[in-house]
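The structure appears below as structure tokens.
All values below were derived from every heavy atom in this structure, side-chain atoms included, with hydrogens, water molecules and symmetry-related copies excluded. Per chain, numbering begins at 1; letters A, B, ... match sequence-line order.
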Number of protein chains: 2
Amino acid sequence: MNERKLKVMEAAHSLFVKKGYAATSVQDILEKSSISKGTFYNYFPSKSELLMSIFDKINHETNKRRTEVLAGRPVHDKEVFIEQIKVKMEVNKENNLFVLFQGVFVSDDAELKKFVKQHHFNELCWTQRRLIEVFNDDVRPYSADLAITLYGVVQNTVHFLVAAEERVELDAIIRYALRRVETSVNDVIQTKDMLLDSRILERLQPEFALNREKKKSALMQKIGVMQESAGDEQRELLSFLQDELRSAAPRCRVIEAVLEGVAENKDLKALINGFLHE
Amino acid sequence: MNERKLKVMEAAHSLFVKKGYAATSVQDILEKSSISKGTFYNYFPSKSELLMSIFDKINHETNKRRTEVLAGRPVHDKEVFIEQIKVKMEVNKENNLFVLFQGVFVSDDAELKKFVKQHHFNELCWTQRRLIEVFNDDVRPYSADLAITLYGVVQNTVHFLVAAEERVELDAIIRYALRRVETSVNDVIQTKDMLLDSRILERLQPEFALNREKKKSALMQKIGVMQESAGDEQRELLSFLQDELRSAAPRCRVIEAVLEGVAENKDLKALINGFLHE
DNA sequence: TTCAATTTGGACTAGCAGTCTAAAAATAGA
DNA sequence: TCTATTTTTAGACTGCTAGTCCAAATTGAA
């Protein structure tokens, strides 16, 4: 991306964090980034499109950090899950997103609203998938409820503490929420207590991401299962496959080659082909 | 209050609900309520002060309805608690407060922000007090955590469903959240799992309301306990006392008179005196 | 040097919240 | 009914906003 454009985004970002979206005028951004109005509207069709670009950038970095956290560790590792949630909340806090997101809802900008809404759905859907990965498949029917519960408790607690100007101990908060959810897991499975259809979140996903993420999840689970009953060198191969498949641009040839070294790879091969080639 | 001023508030209210706070201009309000700009700024110092007046009015009505729900029923009745939460959420939904409250945070108006924040704290504090009343005093050390959890789950679920344009079954949501909290109650008491100091919410209350609400709560609990081990006519007297003390302007003479008919009334008399006469 | 793309600064539009004023209208008191 | 006071009115006005437009200046590459 244009280096100049990036400079504008950074200037705007810091101003939004400091003063909030509405209180930051385009004029402020022009002065801070030393460009002219004409150039600004060359780069961004509007102030709200600029904000969306910034959201996109932040989100991209968040996802990258989340992937790094998971690298080389099993998907059912609770500590990984905790760290991944923490990544998001840290980013939210650093970027004052609690306030920024809210600022969006007041604007009349329908696109912007839709954008932020979709973001929220995606996060819930991610949480749901991870819950199924961390606990096991028994939790699936209740996973939408639990995702909303987990997200709600963490979000609400952080939000409250920020508003109250108290110290925010992210780690403690996330662990607390997860302990409550863990109890709820047993609870809802035993009593078959369900509020929302577990597929409600998938339905709200854009089609493409939905299929892709579903396949990815199935793959990771499959590999996870295989890892458990595998020897050391087999586990290394499987672990490598997980990492490679998770990356933004998986190297197909490498994966195919490694796949040859994996025992009982018929099902796996089919799944991976389905994932890699649409 | 001035009938004309009320008309303006109603016009503004409906516009805010329909179009949102930011998207409604003062001009719109003037046209809808057929007054002039001069009159508007006679009534309200600013657009945001108008919004606060509306919030105040809504809140007042909410509290009134909540009091009515409780009338003649014991404070530990779970159904009462559910209905009371429902009142708030219904009001929020009817008045589109999810959007309105958010709209506030974008404005640069520090007063308005503080106002909404305090509102949120008050609601959490109310939830906390009610949790102690509904479950019992053992829950007190964990009551702030549980209040935030309960509020977080309900709020988040409703908010999600509204965003997803799905049906919102308030009753089912609240009952679900309360079942989760109920399990959590046993859980945290057993494991002594505490996140936040239970007094954190009280500390955020304005001094006056704090003391008053504390005394009120103690009174209600005391009366509740007495009711359990009382005969029918005694229970009727105690029930009346609860209602009267809960009202906006308790009639002191009536209370004193009724108090004479209550057995073992020394402690109760002291508490009521403390409550009524500051 | 030439040519095309980019950048510039500022004029401009339309709309916003809020202020102010002089005149009109409503209200109350005698 | 007349008078004095208060309230209401319409609109001009300030200073701000986002976004459009354009001729002129600058830049980079061939």
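Evaluation of the salt bridge (charged side-chain N to carboxylate O under 4.0 Å, His left out) rule for A/E83 yields A/R73 as partners, not counting sequence neighbours. Residues passing the side chain to side chain donor-acceptor pair (under 3.5 Å) test with B/S34: none are found, sequence neighbours excluded.
Summarising the geometry of B/L150 relative to B/A177, their closest heavy-atom pair is CD1-CB, 3.8 Å, with the distance given to 0.1 Å.
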| request: Evaluate the criterion ring pair (Phe, Tyr, Trp, His ring centres under 6.0 Å) for residue pair A/F121 and B/F160; output intermediate values, then yes/no. | output: CA-CA 8 Å; A/F121 293 156; B/F160 163 72; 5.6 Å; yes
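Counting only residues at least two apart or in different chains, salt bridge (charged side-chain N to carboxylate O under 4.0 Å, His left out) contacts with residues 147-165 of chain B comprise A/K117-B/E165. Residue pairs satisfying the salt bridge (charged side-chain N to carboxylate O under 4.0 Å, His left out) criterion with at least one member in residues 28-55 of chain A, sequence neighbours excluded, are listed as follows: A/K19-A/D28.
Here the side chain of B/N95 pairs no donor or acceptor atom with the backbone of B/L97 at under 3.5 angstrom.
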| request: Report, as a single string ordered 5' to 3', how protein heavy atoms within less than 4.0 Å touch nucleotides 8-23 of chain C: B base, S sugar-phosphate only, - not at all. | output: BB------SSBB----
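Overall, the helix from C/dT1-D/dA30 to C/dA30-D/dT1 carries an axis bend of 10° between its ends, with five pairs at each end and the value rounded to 10°.
Ion pairing between B/E123 and B/R66 holds under the 4.0 Å rule for side-chain N and carboxylate O.
The distance from atom CG of A/L51 to atom C1' of D/dA18 is 15 Å, rounded to the nearest whole Å. Nucleotide D/dA18 holds its P atom 19 Å from the OH atom of A/Y43, rounded to whole Å. Distance, B/E3 CD to C/dA26 P: 15 Å, rounded to whole Å.
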